[in-house]
2 protein chains.
Amino acid sequence: MSTIRDVSALSGVSRGAVSRVLSGDSTLRVSAETRERVLAAARELDYVPNHAARALRTSRSSTLALVVPDVTSAVFAELARGAEEQAGAHDLTIVLARAEQLAADSTWMQRVVGEGRVDGVILQAPDNAPDRMVDGIVERGMPLVLINSADDGPVATLVLDDAAAIRVAVEHLHALGHSDIGFVGGVPGGATAGRRLNGFQRAVSQLGLHTRPEWSTTIGYSGDDGRRAVAALTRTSALPTALVVANLNAALGVLAELHARELRVPDDISIVALHDVWYADATWPPMTTVRMPLRELGAAAVSMLLAQKPGEPADHRVVHFPPPQLVPRASTARVPAS
Amino acid sequence: MSTIRDVSALSGVSRGAVSRVLSGDSTLRVSAETRERVLAAARELDYVPNHAARALRTSRSSTLALVVPDVTSAVFAELARGAEEQAGAHDLTIVLARAEQLAADSTWMQRVVGEGRVDGVILQAPDNAPDRMVDGIVERGMPLVLINSADDGPVATLVLDDAAAIRVAVEHLHALGHSDIGFVGGVPGGATAGRRLNGFQRAVSQLGLHTRPEWSTTIGYSGDDGRRAVAALTRTSALPTALVVANLNAALGVLAELHARELRVPDDISIVALHDVWYADATWPPMTTVRMPLRELGAAAVSMLLAQKPGEPADHRVVHFPPPQLVPRASTARVPAS
DNA sequence: CTGAAAGCGCTAACAT
DNA sequence: ATGTTAGCGCTTTCAG
């Protein structure tokens, strides 16, 4: 590995000047010829600045951590892409981590946050996250943005417009003539679950549609939770003609359980789910979904983190653009003329 | 942030001794009392060693990168967990990265590999990975283990026993009385695809079963590829009574397309897929799968990376334990008495 | 058994 | 317009 000394020696320019040329210091005035010599030498030697030395000197790591409950969640890739693009624009690197790891391995916080391996953290905490997850970061004075969680509090937050997405789903069903609509939601107290349920109730009442308390389940977002939700729904006297499912994973379970009970989708009941990911297209029938601006969420989270000034009150934002968008497939249809 | 100086001052022990006590230097003999004073001071001051300084001094980052084509692939979480556990046992941190990012952002290689932010890389290259992805890492002298890719060559590799997993699937179908078996595989030339196809052909012939060339498709692993595979299969004169699908994502598409063509699973055709992940249980019917030792793969990859000595020939290993295991669900059944 | 000191590679303040 | 130098925080010889 060649160092800045080598570049200095080869180009005959001092280390200080080399450093400033190479890091694009704008306040620097060097002759074009000197700059060229430095650049040529650096290229010649395949010079790459040593990260540890730079980090030690500047006390910044130029790295941000993106921590999510489940990297495997299909929505995550888009989020990560948005964050990486935005970070790249600022010459920052994103490292991905699993919240489970953060929770399970008490040394993670110490190693990554305590030792200063990152300059900031974007965290989507699991619904049941222990407070110390957030506290541990804040206490260490590490900049932090919480995504898709509560939308207030002492820590900066950024959320999707869950209510708007649900409204898109409800409007779609309304346009298809449905008036009896049920809701498969997340566990009460869950970060996004409340916003989605509220959004559902508001949309239904504003559009003059009909629902019943027992048509709303709040069991959870997993595939199994979806199955259980259907089991619960079928215990009610009459089923709605359509279901808004607040999460696509749950929607898979919903679909499976409806099949098991020989209810046909969309003939007997229409389904529309939140989040548009690849397997929405690989279910049977293919699932009508609402696409949410996840990439923008990732990008905005990075921007918020960078904009954070110590001492200023925590910012709370909502990603409004692009608005949630319906992706019509085959799981929704006109309400049958009964 | 308190530094080692502060600990030294507070404890009245020299910096050198403090460093050795704190990093658990085994060759060190200190009085129990001195050690206690140091530990107490460190605790008192919430001392955490600065990562950049340590990395600069030791020229090791204590960090490994785990790079995969698709973090969203459900198999990935388990792989990551295995790697993280093994890494943690050696006081190493794993950072996750997306291969797409590596390919798209030419600065990633420079930043992460070139600047020495990591000590080694575990890479699952996408099937269509450009050679420079691997070359860029090797050229920089960075230790590298390739997982689930080719199983030879100048770079160390670690693969799952794909053939054994396929054999488990075929044996299961055999036990259910199937003798006409088809195969939905990945694109030819794909890293794992060849091993799986070979495994299939070998298992079928060893068990005295029957297949036909046109019952083997090699379109790909995506949900859409699965749909296309079924479309291709149904163009053949007669369908097999069972299908081994080399990837669960493709299996979702297979299931959807069979539904669309009103073929019943498992009544008309049985399906068994590779990789057991959550949504195997959320399909209709729930999918019989073969579980593979992904966690062990992750752990073993870390071990291989650590065992790597420069100058020694590249190691090529296969993860044999625990062996692939059948997870029976409802997508397979006895062959119908025709 | 413990202390002193060099130096990892870089940047930024200060000299020239 | 370029060169010099101190020092970021740590580990690790080497002397004591």
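The figures that follow rest on heavy atoms only: side chains count, while hydrogens, waters and symmetry mates do not. Letters go in sequence order (proteins before strands), and every chain restarts at 1. What you see is a predicted model, and the numbers here were worked out from it, not measured in a lab.
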Filtered N/O pairs between nucleotides 9-11 of chain C and protein, under 3.5 Å:
| residue | atom | partner | partner atom | Å |
| --- | --- | --- | --- | --- |
| C:dG9 | N2 | A:A53 | O | 3.4 |
| C:dC10 | OP1 | A:Y47 | OH | 2.6 |
| C:dC10 | OP1 | A:N50 | N | 3.0 |
| C:dC10 | OP2 | A:I4 | N | 2.4 |
| C:dC10 | N4 | A:R15 | NH2 | 2.4 |
| C:dT11 | OP1 | A:R54 | NE | 2.8 |
| C:dT11 | OP1 | A:R54 | NH2 | 3.0 |
| C:dT11 | OP2 | A:S19 | OG | 2.7 |
| C:dT11 | O2 | A:R57 | NH1 | 2.2 |

Practice problem: Under the side-chain contact (heavy atoms from CB on, under 4.5 Å) rule, collect the residues that match up with B:D127, sequence neighbours excluded. | Solution: B:V187, B:A191
Quiz item: Roughly how bent is the helix from C:dC1-D:dG16 to C:dT16-D:dA1 end to end, in steps of 10 degrees, with each end axis from five pairs?
Solution: 50°
Exercise. Scan side-chain atoms only and decide if B:D152 and B:H316 contain a donor-acceptor pair under the 3.5 Å cut-off.
Key: no
Quiz item: Does A:D119 have any side-chain contact (heavy atoms from CB on, under 4.5 Å) partners at least two apart in sequence or in another chain, and if so, which?
Solution: A:R60, A:S61, A:L64
Quiz item: Would you say A:S62's side chain and A:L92's backbone share a donor-acceptor pair under 3.5 angstrom?
Solution: no
Exercise. List in chain and number order the residues that pass side-chain contact (heavy atoms from CB on, under 4.5 Å) with B:D151, two or more places apart in sequence or in another chain; answer none if no residue qualifies.
Key: B:T157, B:V159, B:R195
Quiz item: With a 4.0 Å cut-off on heavy atoms, is A:G12 in touch with a base, just the backbone sugar-phosphate, or nothing at all?
Solution: sugar-phosphate
Quiz item: Do you see a donor-acceptor pair shorter than 3.5 Å between the side chains of B:R111 and A:T93?
Solution: yes
Quiz item: Hey, are B:E33 and B:R37 close enough for a salt bridge, meaning a charged N less than 4.0 Å from a carboxylate O?
Solution: yes
Quiz item: Phosphate oxygens OP1/OP2 of D:dT2: is one of them under 4.0 Å from a side-chain N or O of A:T34?
Solution: yes
Quiz prompt | Sequence-distant partners of A:S106, side-chain contact (heavy atoms from CB on, under 4.5 Å), two or more places apart | solution = none
